[in-house]
**Q** 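Dropping the structure in here first, questions after.
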Amino acid sequence: MKKFFVIGNPIEHSLSPKLHNYWIKLNNLKAFYDKKKLNISELNNLIKEVREKKIDGLNVTVPFKNSVIPFLDKLSNEAQKTQSVNTIYYSDGMVIGHNTDIEGFELAIKHTNYDIVGKNILILGAGGVSPSIIVALKNMSAKKIFISNRTQRKAENLKKTFNEIEIIEWGTTPDFDMVINATSLGLKNDENIILDYPTVSSEKFFYDVIYNPSETNFLKSAKKNGNKIENGKKMFVYQAQASFKIWNNLEPQVDDKVMELLN
Ligand code: ATR
């Protein structure tokens with residue numbers, strides 16, 4: 001019986017077990033996937049269990065995507081570039097940290113039929129997920145990436161790694177084609193992001209990494225003003241698909257049923 005876990009804190013609301021166990025059953029695999037709430041002091045021992053092959057794979061979520069790195073033997077290029085690990089597996093005697101959020105975002109955009117090539121893109125937030133989005137946008141040939149974060153120092157830190165990004169003061173809006181909410185603002189229903197909606201014309205693409213609630217106020221206002229909108233559900237599903245593929249050596253199906261499962 002293969003064992004997989006998603007680790008984080010808090011973890012109660014993670015939908016990863018539901019999705020992975022659905023695919024496990026569909027493919028008749030002898031495996032189970034559960035969630036584990038951890039403290040940072042427990043990371044070392046858990047990674048040891050991967051090294052001892054007692055655990056076959058881990059997904060990592062907030063707040064451990066970066067803090068897990070010192071306990072790993074090797075990082076993939078994607079994890080190295082972003083300093084963010086969301087998938088852990090054992091291979092050739094080593095515990096390897098990988099990042100499938102990049103692939104998840106790229107596939108999500110592809111399946112939304114939006115062409116990033118030559119676009120000006122504003123990312124709101126410089127937290128855990130932003131480096132993965134920057135790498136994905138670069139892979140997809142975005143023309144220009146702006147970053148705006150309440151705490152400017154964090155945006156400046158990102159610029160140390162990604163020199164080509166331009167920092168925009170929090171609360172101001174440059175001319176953009178697409179805006180991405182990569183903050184946690186909107187997780188609570190009463191939270192709003194201050195964007196100057198009337199001066200933003202109506203043909204922009206508003207993307208929210210949040211998928212629960214499925215329409216944040218950020219997306220609701222954008223839709224009301226006639227813009228294209230998309231939430232983070234596809235990104236979540238495709239990052240999970242990429243992890244599943246690594247661990248089980250088969251590509252699980254993404255279809256309407258999978259999407260409904262997460263409603
Ligand atoms: P972390 O910062 O630990 O990586 P995260 O959940 O990945 O956590 O990121 C949270 C993001 O949401 C950050 O960009 C954060 O901005 P700060 O760097 O200024 O904290 C942003 N965020 C959270 N609450 C916010 C608020 N009330 N107003 C503006 N931005 C907020």
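Whatever order the structure lists them in is the order used to number ligands and atoms, beginning at 1. We're numbering straight along the sequence, starting at 1.
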**Q** Any idea which atoms of ligand 1 are less than 4.0 Å away from a heavy-atom of Thr151?
**A**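 The atoms of ligand 1 under 4.0 Å from a heavy atom of Thr151 are 17 (P), 18 (O), 19 (O), 20 (O).
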**Q** Is there a heavy atom of Ala126 sitting under 4.0 angstrom from any atom of ligand 1?
**A**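 Right, Ala126 reaches ligand 1.
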**Q** Please confirm whether the ring centroid of Tyr207 lies under 6.0 Å from the ring centroid of Phe105.
**A**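 Under 6.0 Å, so yes.
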**Q** Is a donor from one side chain sitting under 3.5 angstrom from an acceptor on the other, for Ser243 and Asn59?
**A**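 A donor-acceptor contact under 3.5 Å links the two side chains.
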**Q** Using a strict cut-off of 4.0 Å, indicate which atoms of ligand 1 neighbour a heavy atom of Gly125.
**A**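 It comes down to these atoms of ligand 1: 14 (O).
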**Q** Quick one: do the Ser202 and Asn225 side chains pair a donor with an acceptor below 3.5 Å?
**A**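 Short answer, no.
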**Q** As an exercise, identify every atom of ligand 1 less than 4.0 angstrom from a heavy atom of Lys154.
**A**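 Those qualifying, in numeric order: 2 (O), 17 (P), 18 (O), 20 (O).
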**Q** Strictly less than 4.0 Å: does any protein heavy-atom distance to atom 7 (O) of ligand 1 fall in that range?
**A**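 Answer yes: something from the protein, a heavy atom, is under 4.0 Å.
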**Q** Just say parallel, tilted or perpendicular for the rings of Phe4 and Trp247, cut-offs at 30° and 60°.
**A**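 Ring orientation of Phe4 relative to Trp247: parallel.
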**Q** Quick check on Asn149 - does any of its heavy atoms sit under 4.0 Å from an atom of ligand 1?
**A**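 Contact present.
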**Q** Distance to the ring centre below 6.0 angstrom and angle to the axis at most 45 degrees; does that hold for Lys119 and Tyr114?
**A**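 Geometry flag: set, cation within 6.0 Å and 45°.
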**Q** Less than 4.0 Å from atom 12 (O) of ligand 1, is there any heavy atom belonging to the protein?
**A**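 Neighbour list for atom 12 (O) of ligand 1 includes protein heavy atoms (cut-off 4.0 Å).
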**Q** Distance under 4.0 Å to a non-hydrogen atom of Gly127: what atoms of ligand 1 satisfy this?
**A**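 Going through ligand 1 atom by atom, the ones under 4.0 Å from Gly127 are 2 (O), 4 (O), 7 (O), 9 (O), 14 (O).
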**Q** Considering non-hydrogen atoms of the protein only, which is the closest contact for atom 4 (O) of ligand 1, and what is the distance?
**A**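 Answer for atom 4 (O) of ligand 1: Gly128 N, 3.0 Å.
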**Q** Which protein heavy atom lies closest to atom 10 (C) of ligand 1, and at what distance to 0.1 Å?
**A**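 Its nearest protein heavy-atom neighbour is Ser184 OG, 3.9 Å.
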**Q** Quick one: look up the protein heavy atom nearest atom 21 (C) of ligand 1 and list residue, atom name and how far away it is.
**A**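 Of the protein heavy atoms, Thr183 CB, 3.6 Å lies nearest.
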**Q** Walk me through whether Lys143 and Asp177 qualify under salt bridge (Lys or Arg N to Asp or Glu O under 4.0 Å).
**A** CA-CA 10 Å; Lys143 181 174 161 198; Asp177 300 300; over 6 Å; no
**Q** Go through the steps for Leu124 and Ile180 under the test side chain to side chain contact (heavy atoms under 4.5 Å, CB included), then give the verdict.
**A** CA-CA 6 Å; Leu124 303 171; Ile180 300 167; over 6 Å; no
**Q** To check your reading of the model: name the closest protein heavy atom to atom 26 (C) of ligand 1, its residue, and the distance in Å.
**A**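 Scanning the protein heavy atoms, the shortest distance from atom 26 (C) of ligand 1 goes to Arg150 NH1, 3.1 Å.
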**Q** Is it the case that the side chains of Asn263 and Lys233 hold a donor-acceptor pair, with the cut-off being a distance below 3.5 Å and no angle test?
**A**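 Yes, Asn263 and Lys233 have a side-chain donor paired with an acceptor closer than 3.5 Å.
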**Q** Only heavy atoms of Leu185, strictly under 4.0 Å: list the atoms of ligand 1 that pass.
**A**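 That gives atoms 25 (C), 26 (C), 27 (N), 28 (N), 29 (C), 30 (N) of ligand 1.
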**Q** If only side-chain N and O atoms count, and only distance matters, is there a donor-acceptor pair under 3.5 Å linking Glu203 with Asn227?
**A**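 No donor-acceptor contact under 3.5 Å links the two side chains.
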